[in-house]
Amino acid sequence: MGDLGKPVEDGGLPAFSVFRENYGFVPRVFRAQAVLPRLLNAEAALANAILFRKTDLSRTEKELVALAEAAAAADPYGTALHYQTLRLLGMPAERLDSLLGNPDSEELPANLDTSLVRAWTAFVGTLAVGLNVRPDFPAPKVNRGALGAPPSCNLYRPKLDGSDDAAEFAFFREEFGIVPNLFRAQASWPEALQAEAQLISAVLIPEDVLSRLEKEKLILEVSGAANNEYAVALLSSLLEKRGVTAEECDQIAAGEGPAIDWGGFSEPQKVEATATAALAKFFVQLQIALGVEPDFEVRLISRASPQKNPNLLAEQSRPTAQDLVVDPDIQIVDAVRNGDVDAFEGLIDRHSRRVYRTLVGILGDPEEARDAMQDTFLKTFQHLGDFQGRSKVSTWIVSIATNTGIQRLRDRKPVESLDEAGDAQESFRPRQIRAWTDDPEQAYSKTERQRLVESSVMRLPAKYRVVLILRDIEQLSTEEAAAALGLAVPTLKSRLLRGRLMLRDALAPHFIARSSEVSH
Amino acid sequence: MISCADFMAEIGNYLEGDVAEEVRLQLESHLSHCAICQVVVDSSRKTIQIVTDSGSFDLPQPVLEPIAQQIMAKIRKEGS
C-alpha cells in the first residue's frame with residue numbers, strides 16, 4: 001500500500017510497523033498510545049485478525065463496511081481514515097460519496113466478518129474521542145440529512161457452536177468462569193478469539209497503571225451508558241465475584257457510581273482508561289451485531305438522572321439516525337442559555353403534549369400528569385446548561401419527564417414498578433380469537449373511539465401503557481422511546497408487543513365481526 | 001413448518017416489518033393456513049391503527065395555556 005501521509009517518527013514500535021504496512025502511515029489514534037506499547041501490540045493483532053487480512057471479504061469490502069459504520073455513527077475520525085484508505089485502494093471518490101449520501105447504495109453482507117469490522121470501527125472511534133485526536137485527513141462530506149439508519153446486522157444470527165472445553169475458549173473460561181455466548185458465537189473464527197483474548201489481557205490484566213477493578217467498573221459504566229443489557233449482566237456477575245455488591249453494580253451501570261477524575265489522570269492512565277472504554281465499546285457493538293443472548297439474568301439499567309454523565313467516555317453511546325439530523329430545538333436552547341428566558345415557552349409549546357402523554361402513561365392519572373408536567377419543564381430549565389447535544393432535545397426532555405414520573409410512582413404506596421425484573425417470566429397469550437370487522441373505525445365516532453382507547457389504555461399496567469403511548473400515540477421511534485425511558489431496545493419491543501396484545505384483547509369485544517368465530 | 005408458538009414469538013417483529021425476508025416468507029406460509037394467527041395479526045394491526053388515529057390523551061390548548069403560563073411565571077421568577 002502506498003504512502004498516505006508524511007513519514008513520522010514512531011520510535012520503532014513493532015505495532016507501528018503493522019499499521020504502517022497496512023495504512024502506509026501510523027494513524028494518530030495509535031501514535032497517541034505510544035506510552036503503553038502493550039495496548040498497541042494487542043490492537044495491531046486485533047486489526048490484523050479483523051480488518052487487514054483477507055477472509056471471506058477482501059480488505060476493500062471490509063473498509064467499505066467500516067466507512068459506512070463510521071459515517072452512520074457520526075465518527076469523523078473513522079470516516080476520514082476509511083475514506084482515504086479506500087481512495088488509496090482504488091475506490092472512485094464518486095462511489096464513496098454516493099455511499100456517504102446513501103448507505104443503502106452498497107450491499108453490505110451481515111455476517112461474523114462484518115460484525116467484527118463494525119466492532120473494530122466502534123473501538124477506534126472511541127479511542128479517537130477519548131484520546132482527543134484530530135482526523136488524519138480532512139473528513140469527507142457526509143450528507144447527514146440523507147443518512148439512514150446504521151446498516152443493520154439483524155439478519156445474521158450465529159450458531160453457538162463449540163464445546164466449552166475447546167482450546168480456543170480456555171482464556172475466556174478462565175477469566176469469566178464460563179464461556180460467554182459472545183465468544184461461543186465466534187467459534188468459527190479462532191484468530192479473532194485469540195486476538196480478543198490478547199486485547200483483554202493487555203487492557204485489563206496489568207495493574208501497573210489502573211487497577212483491574214477500576215477498569216472493570218469502567219466497562220460496566222460504559223455498558224450501562226450504552227444500555228447494553230448483555231454486557232451489564234456479564235460485568236455485574238464478574239464484579240460480584242470480586243466482592244462488589246449487586247447494588248453498587250446497579251449504581252455504576254446507571255451512571256451513579258463514584259465519578260472518575262479524568263482531570264487528575266496521568267498520561268498512561270488516560271490512555272489506559274480510554275482503551276478500556278474502547279474495549280467495552282468493541283464488545284457492546286459486537287453483541288449488538290451478533291444479537292447473542294445474555295449469559296446471566298438481565299439487570300435493570302435505570303439511569304435515574306439523564307443529565308448526569310460522569311465522564312467523557314461513558315457518554316459516547318452510539319448516535320441513532322435521528323441524532324444525525326439537525327435538531328430544530330437547538331436554537332431555542334441556545335437562546336435561553338444566552339439569557340432569552342421567554343424563548344423557553346417555545347419548548348413548552350413544542351413538547352408539552354409529548355411530556356403530558358409520557359406522564360399519563362407512567363402515572364395513569366391525568367391530573368397528576370399535568371402537575372408533574374410543570375415539574376418536568378422546571379427541571380428542564382434548571383438543567384439546560386447541562387444539555388450537551390448527545391441526544392435530541394425532545395428525547396432529553398421526555399427522559400426528564402420519565403424520571404419525574406418514575407419518582408412520583410416510587411413515592412406512591414403501593415408502588416407500581418416499571419422495573420424490568422419479571423419481564424422475562426411474564427407470558428401473554430391472546431385470548432380473543434374472533435375475527436374483527438373489516439372497517440372497525442367506522443363502527444364508532446372519533447370521540448367514542450378516543451374514549452374507548454383512553455379507558456382501555458389506562459387499564460394496562462404502567463410499564464406497558466407508557467411504551468404503547470410513546471410508540472403508537474406519540475409516534476416515537478423504537479430507539480427514541482427506549483432512550484427516553486432508559487430501556488434496552490429488546491425490552492422496549494417486548495413491552496410494546498405485550499401492551500398491544502393486551503389492548504387488542506380489551507378492544508376486541510367492541511370490534512368483533514358478527515357471525516365470526518374461529519375454532520381452535 | 002413453523003408452529004403457532006413460533007409465529008407468536010416473531011409476531012412483534014412481523015407487525016413492525018422487521019423480519020428477514022426468509023423469516024417473513026415462513027411466517028406468511030404459516031399464516032396462509034392458520035386462521036387463528038390470521039385473526040391475531042389482523043386484529044393487532046387494526047388495534048394499532050385505531051390507537052394511532054385516536055388522538056388520545058391530547059392536551060387541548062385551553063387546558064395547556066394556563067399550565068404553560070404557570071411554568072413560565074416560575075421560570076421568570078427563577079431566572080430573575
Side-chain angles (χ1 to χ4, degrees), chain A residues 152 154-155 336 339 341-342 344-345 348-349 352-353 356-357 360-361 366 369-370 373-374 377-378 381-382 429-430 432-437 439-441 446 449-454 456-457 468-469 472-475 478 493-494 496-498 500-501 503-504 507-508 511-512 516 518-520, chain B residues 4-5 7-25 31 33-80:
Chain A
S152 166
N154 289 343
L155 305 184
V336 179
V341 174
D342 288 345
F344 192 82
E345 200 162 357
I348 301 175
D349 196 41
S352 54
R353 286 172 175 82
Y356 172 70
R357 282 174 168 154
V360 165
R370 286 195 287 272
M373 190 168 90
Q374 294 205 27
F377 280 110
L378 286 173
F381 178 75
Q382 287 158 356
R429 193 181 150 82
Q432 295 283 355
I433 47 162
R434 293 172 66 187
W436 283 27
T437 177
D439 195 354
E441 298 199 70
K446 184 166 172 53
R449 269 182 280 133
Q450 182 178 332
R451 205 171 294 142
L452 195 54
V453 168
E454 288 185 358
S456 305
V457 169
L468 188 126
I469 287 178
D472 288 343
I473 297 178
E474 197 50 50
Q475 303 270 292
T478 300
K493 285 182 171 178
S494 140
L496 177 63
L497 174 64
R498 193 80 53 83
R500 283 172 171 175
L501 292 177
L503 191 64
R504 188 200 74 99
L507 295 179
F511 296 107
I512 285 172
S516 85
V518 178
S519 59
H520 269 294
Chain B
C4 289
F7 186 89
M8 287 306 294
E10 280 295 330
I11 189 175
N13 290 330
Y14 180 67
L15 289 170
E16 295 280 283
D18 187 19
V19 288
E21 181 65 8
E22 188 188 336
V23 177
R24 186 181 63 78
L25 291 174
L31 268 186
H33 63 77
C34 177
I36 293 172
C37 289
Q38 273 176 31
V39 165
V40 175
V41 166
D42 175 71
S43 52
S44 296
R45 283 191 172 135
K46 285 171 177 165
T47 298
I48 297 167
Q49 189 67 40
I50 290 167
V51 171
T52 304
D53 292 348
S54 69
S56 291
F57 306 112
D58 194 15
L59 204 54
Q61 198 61 28
V63 179
L64 172 63
E65 192 61 38
I67 300 174
Q69 289 316 315
Q70 283 175 34
I71 296 169
M72 286 307 296
K74 287 180 186 170
I75 283 173
R76 287 189 188 103
K77 198 173 165 190
E78 203 166 294
S80 63

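Values below: every heavy atom of this structure, side chains too, minus hydrogens, waters and symmetry copies. Just so it is clear: chains get the letters A, B, ... in the order the sequence lines come, proteins before strands, and each one is counted from 1.
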Report task. Walk me through it: do D472(A) and T47(B) pass the test side-chain contact (heavy atoms from CB on, under 4.5 Å)? Result -> CA-CA 10 Å; D472(A) 288 343; T47(B) 298; over 6 Å; no
Query - Verdict with supporting geometry, E441(A) and I50(B), side-chain contact (heavy atoms from CB on, under 4.5 Å) - result: CA-CA 7 Å; E441(A) 298 199 70; I50(B) 290 167; 3.9 Å; yes
[X], part contacting chain B, at a heavy-atom distance under 4.5 Å:
{"X": "F344(A)", "answer": "both"}
{"X": "Q450(A)", "answer": "both"}
{"X": "T437(A)", "answer": "backbone"}
{"X": "L468(A)", "answer": "side chain"}
{"X": "E474(A)", "answer": "neither"}

Roughly how far apart are [X] [atom1] and [Y] [atom2], rounded to 0.5 Å?
{"X": "E345(A)", "Y": "I75(B)", "atom1": "CD", "atom2": "CD1", "value": "9.0 Å"}
{"X": "S54(B)", "Y": "K446(A)", "atom1": "OG", "atom2": "NZ", "value": "6.5 Å"}
{"X": "S352(A)", "Y": "E65(B)", "atom1": "OG", "atom2": "CD", "value": "10.0 Å"}

Report summary line: Of the listed Q38(B), E22(B), M72(B), Q70(B), the one with the largest count of heavy-atom pairs under 4.5 Å with chain A is M72(B)
Requested in this report: Decide, yes or no, whether a salt bridge links D53(B) with R449(A) under the criterion of side-chain N to carboxylate O below 4.0 Å.
Outcome: no
Query raised in the report: Taking E454(A) for the side chain and F57(B) for the main chain, is one N or O donor matched with an acceptor at less than 3.5 Å?
Result: yes
Please classify the contact between [X] and chain A as side chain, backbone, both or neither, with a heavy-atom cut-off of under 4.5 Å.
{"X": "V23(B)", "value": "neither"}
{"X": "L64(B)", "value": "side chain"}
{"X": "P66(B)", "value": "neither"}

Measuring only between side-chain heavy atoms, which start at C-beta, is [X] closer than 4.5 Å to [Y]?
{"X": "I67(B)", "Y": "I348(A)", "answer": "no"}
{"X": "E16(B)", "Y": "L497(A)", "answer": "no"}
{"X": "F381(A)", "Y": "E78(B)", "answer": "yes"}
{"X": "R357(A)", "Y": "D58(B)", "answer": "yes"}

Requested in this report: Carefully, step by step, assess K493(A) and N13(B) under the rule side-chain contact (heavy atoms from CB on, under 4.5 Å).
Outcome: CA-CA 8 Å; K493(A) 285 182 171 178; N13(B) 290 330; 4.0 Å; yes
Report summary line: Scored by heavy-atom pairs under 4.5 Å with chain B, the best of D349(A), L507(A), L452(A), D342(A) is D342(A)
Query raised in the report: Does a side chain donor of either R500(A) or S44(B) reach within less than 3.5 Å of an acceptor in the other side chain?
Result: no
